[in-house]
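Some notes on the structure that comes next.
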Amino acid sequence: MVGMMAGDGSWGFAVQAAALTSLIWSCAVFVVQSIGIYQIFRHNSGPLPQPVSSSLDEDDVPHVTILRPVKGLEPRLYECLASTFRLAYPRSKLTIYLCVASAQDPSYPLLQQIVADFPGFDARVLVEEDDPLLHGAAGHVNNLGPNPKIRNMSRGYREAKGDIIWIVDCNVWVGPHSAGRMVDKLCGFGPGGRRAVPYKFVHQLPLVVDLGPSPAASDANDASDATPLLPPGQGDAPEPSATPSAAPRSLLAHGGRVEEMFMSTSHAKFYSAINTVGLAPCALGKSNMFRKSHLDLLTDPSRNPSIPACSRGRRGLDFFSSYICEDHLVGDLLWRAPGRLLPGAPFRNHGLVFGEVALQPVAGMTVAAYFARRVRWLRVRKWTVLVATLVEPGIEPFLCSLHLAFAAATLPWFRPLVPPTWSAMAAVWLGAVAVWMAVDRWVSGKLHRLESVDVDQHTPSFALGSRRRGGKEGARHRRPFREWLAAWLGREALALPIWTWAVLLGTTVNWRGRYFRVRMDMSVVEVEGASTESSRPGSRSGKDRRD
């Protein structure tokens, strides 16, 4: 019985103190979640206002350089990249760089094709192997650190036109008005000519849609999809060992469903809440926008003494090439920047463009791939936000509900309702988990309706949401409760094992087919002789990471 633990003496006092701490913790988690849920309900329930910046006189529209780092053939890659060319933003104010490591990358022919399919754009395919900073008479491969994503984008960043940089991962689809809304927030454009305080850094809520066991299977079964997967002659072909026509027979093949669940429940709630409160930076590197002039200035040791002077003269995005988790580090540097250093001050720190989502379609992800991706994510961020990483298990429903149940069965304030017994504690725990699950069901359904996402004749089926005709399986309607419950229970059951393996039992990560050891300062050292194939059967991705 719980009451036996709360007897007289110092032991009883310690138990009471622990119960009070558990009550405070669980209540704090519920309050933070409530903030995130409110923001999701408020901003994702209908169409968003039209952006201002894209409708200004052409001379007043800020120029945006879009960097899209690419590796391998991601699911629905053509549509994701094409969304950049279909933005409702003045074409003359867009520069688009599709950045790839090598001309031998499987995606290279597709990148050439997509540039040809959209003539009239200032768009280029930039190949890392042709970067004069890294190769040729005046270059050297060690001019940049080992971070493969930074090496991929370095030339595009250095040759950017205008001041605004928008980094969008290749496996992300963005809505037609997303550029305008992000520029509005970054620059402070408001309706009727009003101006708000601009931001240093803006981003979108990342959201995942699971297409099923394989891209080929998803598209073969979708006769209503008016947008082809790829142009004629191209294709996200599965590996020879894959059998896309066969339905997966194991629950372990449904990692994409678990990933979808995580991003539309726990991650979405806390991501929205933390960005509302604004006490600390919280940004995922799916779709981030900032000013090149700010980053260049803040990575100059002569102007910003808080950064190390031993950066080999690297500035801007190149400064982060020796570090992992570059998205967080860029955001963190801008967050901590003293206002007096930045021209045009004052600026607000980070701004989440509520209602806009960075939508990632996934296909063929196994549970093992999901486990590995989450391990990588936790290992690269544990040294950047150590306290948040250490307390992360306590925000998950099973453990957080246990805190509440322990407090309710121990503290005398609850005695009229909850007797101090193990059975009463179990009942409170089950009730709290059930309520948590019901809320997650509602939140995930709200997000996957995609009611705030602008659609047009080019919108792919996976971006139509659950209430629009033509949506793909899994987006056409809410997930059947049995499927949804299995994914929810799987996600929650895996949360603690993933955290334990990632945070307590290792420091190496598998990153784009190469292994790196993460140091406490977030710099990385490649582990020599440890590499993997860049593509695995069943992964449907040209890169081992799945973020």
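One-based numbering along the sequence shown.
Counted by atom type alone, Ser293 and Asp163 present one or more donor-acceptor pairs between their side chains at under 3.5 Å. Side-chain contact check for Lys446 and Ser45: at least one donor-acceptor pair (N or O, by modelled atom type) lies under 3.5 Å.
Residues Trp429 and Phe398 are in side-chain contact: their nearest non-hydrogen atoms beyond the backbone lie under 4.5 Å apart. Taking the side chain as every heavy atom from C-beta outward, Leu279 and Ile274 never approach each other to under 4.5 Å. Taking 4.5 Å as the limit, some side-chain heavy atom of Ser272 sits within range of a side-chain heavy atom of Leu205. Between Tyr370 and Leu494, some side-chain heavy-atom pair lies under the 4.5 Å cut-off. Side-chain contact between Trp166 and Val174 is present, with at least one heavy-atom pair separated by less than 4.5 Å. In this structure, Pro393 and Leu399 have side chains that are in contact, with non-hydrogen atoms separated by less than 4.5 Å. Side-chain contact between Asn171 and Pro361: absent, with no pair of heavy atoms (C-beta onward) separated by less than 4.5 Å. Under the 4.5 Å side-chain criterion, counting only non-hydrogen atoms from C-beta, Leu77 is in contact with Cys170.
Ala283 and Tyr271 make their closest contact through CA-OH, 3.4 Å (heavy atoms, listed as atom of the first residue, atom of the second, distance). The minimum heavy-atom distance between Pro51 and Asp184, with the atom names listed, is CA-OD2, 3.2 Å. Summarising the geometry of Leu87 relative to Gly175, their closest heavy-atom pair is CD2-O, 3.4 Å, with the distance given to 0.1 Å. Across every non-hydrogen atom of Asp327 and Asn288, the tightest pair is CB-ND2, 4.0 Å. Residue Cys80 comes nearest to Arg68 through the heavy atom pair O-NH1, 2.7 Å, listed as atom of the first residue, atom of the second, then distance.
Here the side chain of Thr299 pairs a donor or acceptor atom with the backbone of Gly316 at under 3.5 angstrom. Distance alone, capped at 3.5 Å, places no donor-acceptor pair between the Asn152 side chain and the Pro69 backbone.
By the neighbour-count criterion of 12 heavy atoms within 6.0 Å, atom CH2 of Trp335 is densely surrounded, having more than that number from other residues, nucleotides or ligands. Within 6.0 Å of CZ on Arg158 lie more than 12 heavy atoms contributed by other residues, nucleotides or ligands.
Under a cutoff of 6.0 Å and an axis angle of 45°, Lys200 and Phe290 do not form a cation-pi pair. Both the sub-6.0 Å distance and the 45° axial angle are satisfied by Arg374 relative to the ring of Phe262.
Ile165 CD1 to Thr65 OG1: the interatomic distance, rounded to the nearest 0.5 Å, is 5.0 Å. To the nearest 0.5 Å, atoms CG (Leu73) and OG (Ser107) are separated by 6.0 Å. Interatomic distance, CD of Glu128 versus CG of Asp131, reported as 7.5 Å (0.5 Å rounding). One distance of note links NE2 of His177 with CG of Asp454; it measures 4.5 Å at 0.5 Å rounding.
Comment: Lys185 does not engage Glu356 in a salt bridge, judged by the lack of any side-chain N to carboxylate O separation of less than 4.0 angstrom.
Every residue two or more places apart in sequence or in another chain that forms a side-chain contact (heavy atoms from CB on, under 4.5 Å) with Ala273 is listed here: Val32, Ile35. For Thr389, the side-chain contact (heavy atoms from CB on, under 4.5 Å) test picks out Leu378, Arg381, Lys382, Val385, Trp499, Val503, with sequence neighbours left out.
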- Task: Decide salt bridge (charged side-chain N to carboxylate O under 4.0 Å, His left out) for Asp318 and Arg151; before the verdict, give the C-alpha distance in whole Å, the side-chain angles of both, and the deciding distance to 0.1 Å.
- Result: CA-CA 8 Å; Asp318 292 351; Arg151 294 174 69 94; over 6 Å; no
